[in-house]
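What follows is a set of notes on a single structure, which appears directly below.
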Number of protein chains: 2
Amino acid sequence: MVRPIRPALLNDRLMLTLPTYLDVAAAAERIAGKAHKTPVMTSRTADEELGAKIFFKCENFQRMGAFKFRGAMNALSQFDDKQRRGGVVAFSSGNHAQAIALSAKLLGMPATIVMPLDAPAVKIAATKGYGGNVVMYDRYTVDREQIGRELAEKHGMTLIPPYDHPHVIAGQGTAVKELIEEVGELDALFVCLGGGGLLAGSALAARQLSPHCKIYGVEPRAGNDGQQSFRSGSIVHIDTPATIADGAQTQHLGQHTFPIIQRDVDDIFTATDTELVACMRFFAERMKMVVEPTGCLAFAAARAMPDMLKGKRVGVIISGGNVDIQRFGQFLTGD
Amino acid sequence: MVRPIRPALLNDRLMLTLPTYLDVAAAAERIAGKAHKTPVMTSRTADEELGAKIFFKCENFQRMGAFKFRGAMNALSQFDDKQRRGGVVAFSSGNHAQAIALSAKLLGMPATIVMPLDAPAVKIAATKGYGGNVVMYDRYTVDREQIGRELAEKHGMTLIPPYDHPHVIAGQGTAVKELIEEVGELDALFVCLGGGGLLAGSALAARQLSPHCKIYGVEPRAGNDGQQSFRSGSIVHIDTPATIADGAQTQHLGQHTFPIIQRDVDDIFTATDTELVACMRFFAERMKMVVEPTGCLAFAAARAMPDMLKGKRVGVIISGGNVDIQRFGQFLTGD
């Protein structure tokens, strides 16, 4: 069954045009041959545990180790000549930083990355390794968006935010497009949630390609602003939450992501750090994969509701695998 | 270029008929749809480190987590009705045990596995999990082959050894067949080496499908019986070596594997436990994969000779990912 593509939704308050499935499809063509078509993995053990058929879309095997490359490459590919010369600036707790740095390098433009002082060492090193110019800040005292905006104005750089941008959202949606095109329609889809770029993009793809699929966002229990926003109907801001899911330590949804999530997502669940560690161990032991804490959110929520999923075809997005390897070892040993 | 298939070689002393590439091709058809066609992964970081193009054939994503499923399934699929009723018996330090247990379960026959007392807990548990009847023994004091033979005679079971069997060798060769068919001809191929089943099968496949490819075996430095045998021209027996590469703690090559290795392999190298740990960290950090110590042997040797590989197309077999996850964590943290 083909569902008519939903028209672009106008965010009344801000007069923003939100992306549609057509933008996801265009992004897929734009990043083809640049982003990896990541493997879909299955696990007999996971299927038996949940009594369901689980399809894991493994963005930990994406370039630079996370789905973020999709959105960054889609956004930077649409820069005009002047923007390319000025380069890109981004603020990010990690994976978006590497994604922008690598995309900029591949497209031959300068990149400046504004990163929090407590970002994982492996992500800072990787960002510099991709040639990004890194500027550090204290995420607990300084507003990163303001720093980014100042750099953009002063040096003629174009700011690409980590999630609140239609090109970023459209790019992130290509992972679920690939997943459904490979395995067919799904009954349920679990996607992790920080600022909502991946979730909004995934929802655009899933609503079009698998219209009856239930779409669930999953965020850290310590920072459930997305769940609060979804259930209250307006964007809730929180303090930076303390969680091992460093990719989901966002304080609020975006002006672009929230209305799409409100319209297309069925519910938002949460997972505890303890559940994330259990998932990390499962992925390592049974599926031989390294998954970062944020990348475990979606499966952690799915595991918590086996009754609801019995007999279903379930998509689970593994968002990334960039975790400091010392720390990962400690998660496995329980130290 | 197509190279004429080498005729079966008759092992004069024992009058054994050795497998040929035709047996590998037949095995591939026999296990199709049962074994996974595992992914071939690449890593920009590995390529830059070695100045080469490396193709990692990821048998850690094979069913039960190692290449051993290929040989076991190929052997058990050829049982006649009487053999199926009697079931299979196997002796194994780990992965062969799980491979036999899972293959037997899938084919609906009983399996008895003779395992050493110091086998990794994860492998014992997995073998039992696949429905195998596990019998333990002390590998430092008792001859496992004798136990296996006694069980076979007493209960009408058919013994399938972990490597010294033409059907096992032919099955293991299917991984390299898939690799070369997917990525094209190679300049060099690195394969780990315990009893030589994977190396012999790989050599049969590579000699046929990529005739100019240099074929290298790699074994633990602490137990280099394969290297000694290869260089001296006759099978050398050693004591059980102390190494973290528990899948390669064999004491000697097989009557079937040695003549194939002697004929088709170009050299045998060794790797230290320290080098294996460094590779485990590399695979986890850069490629987001869990690889067991034995599975690191091939890449460890390739990394030690970058000058030789510059500009080459290199195949590296990752043999498996079954490592106790606590222990794996300790390898990562250095504890």
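For the numbers below, each heavy atom of this structure counts, side chains included, while hydrogens, waters and symmetry mates do not. Every chain is numbered from 1 and lettered A, B, ... according to where its sequence line falls, protein lines coming before strand lines. All of these numbers come straight from a predicted model, not from anything done at the bench.
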Less than 4.5 Å to any heavy atom of chain B: does that hold for the side chain of [X], its backbone, both, or neither?
{"X": "A/D324", "answer": "neither"}
{"X": "A/M287", "answer": "backbone"}
{"X": "A/R44", "answer": "side chain"}

Regarding A/R303 and A/E275, does a basic nitrogen lie under 4.0 Å from an acidic carboxylate oxygen? no
Does a side-chain N-to-carboxylate-O contact under 4.0 Å join B/K57 and B/E182?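 Between B/E182 and B/K57 there is no salt bridge, as every charged N stays at least 4.0 Å from the carboxylate O atoms.
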Going by side-chain contact (heavy atoms from CB on, under 4.5 Å), A/Q98 matches just one of A/I100, A/L102, A/N95. Which one? A/N95
Could you go step by step and tell me if A/E181 and A/K37 meet the salt bridge (charged side-chain N to carboxylate O under 4.0 Å, His left out) rule? CA-CA 11 Å; A/E181 285 175 350; A/K37 185 172 179 303; over 6 Å; no
Of all of B/M289, B/R281, B/K288, which one pairs up most often with chain A through heavy atoms under 4.5 Å apart?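 Result: the option with the highest number of such pairs is B/K288.
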Residue among B/F61, B/F331, B/F328 with most heavy-atom pairs under 4.5 Å to chain A: B/F61
Side chain from CB out, backbone as N, CA, C, O: work out which of these in B/R327 comes under 4.5 Å of a heavy atom of chain A, or both, or neither. neither
Does the side chain of B/I160 come within less than 4.5 Å of B/L76's, by heavy atoms?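 When only atoms from C-beta onward are counted, B/I160 and B/L76 do touch, with a gap below 4.5 Å.
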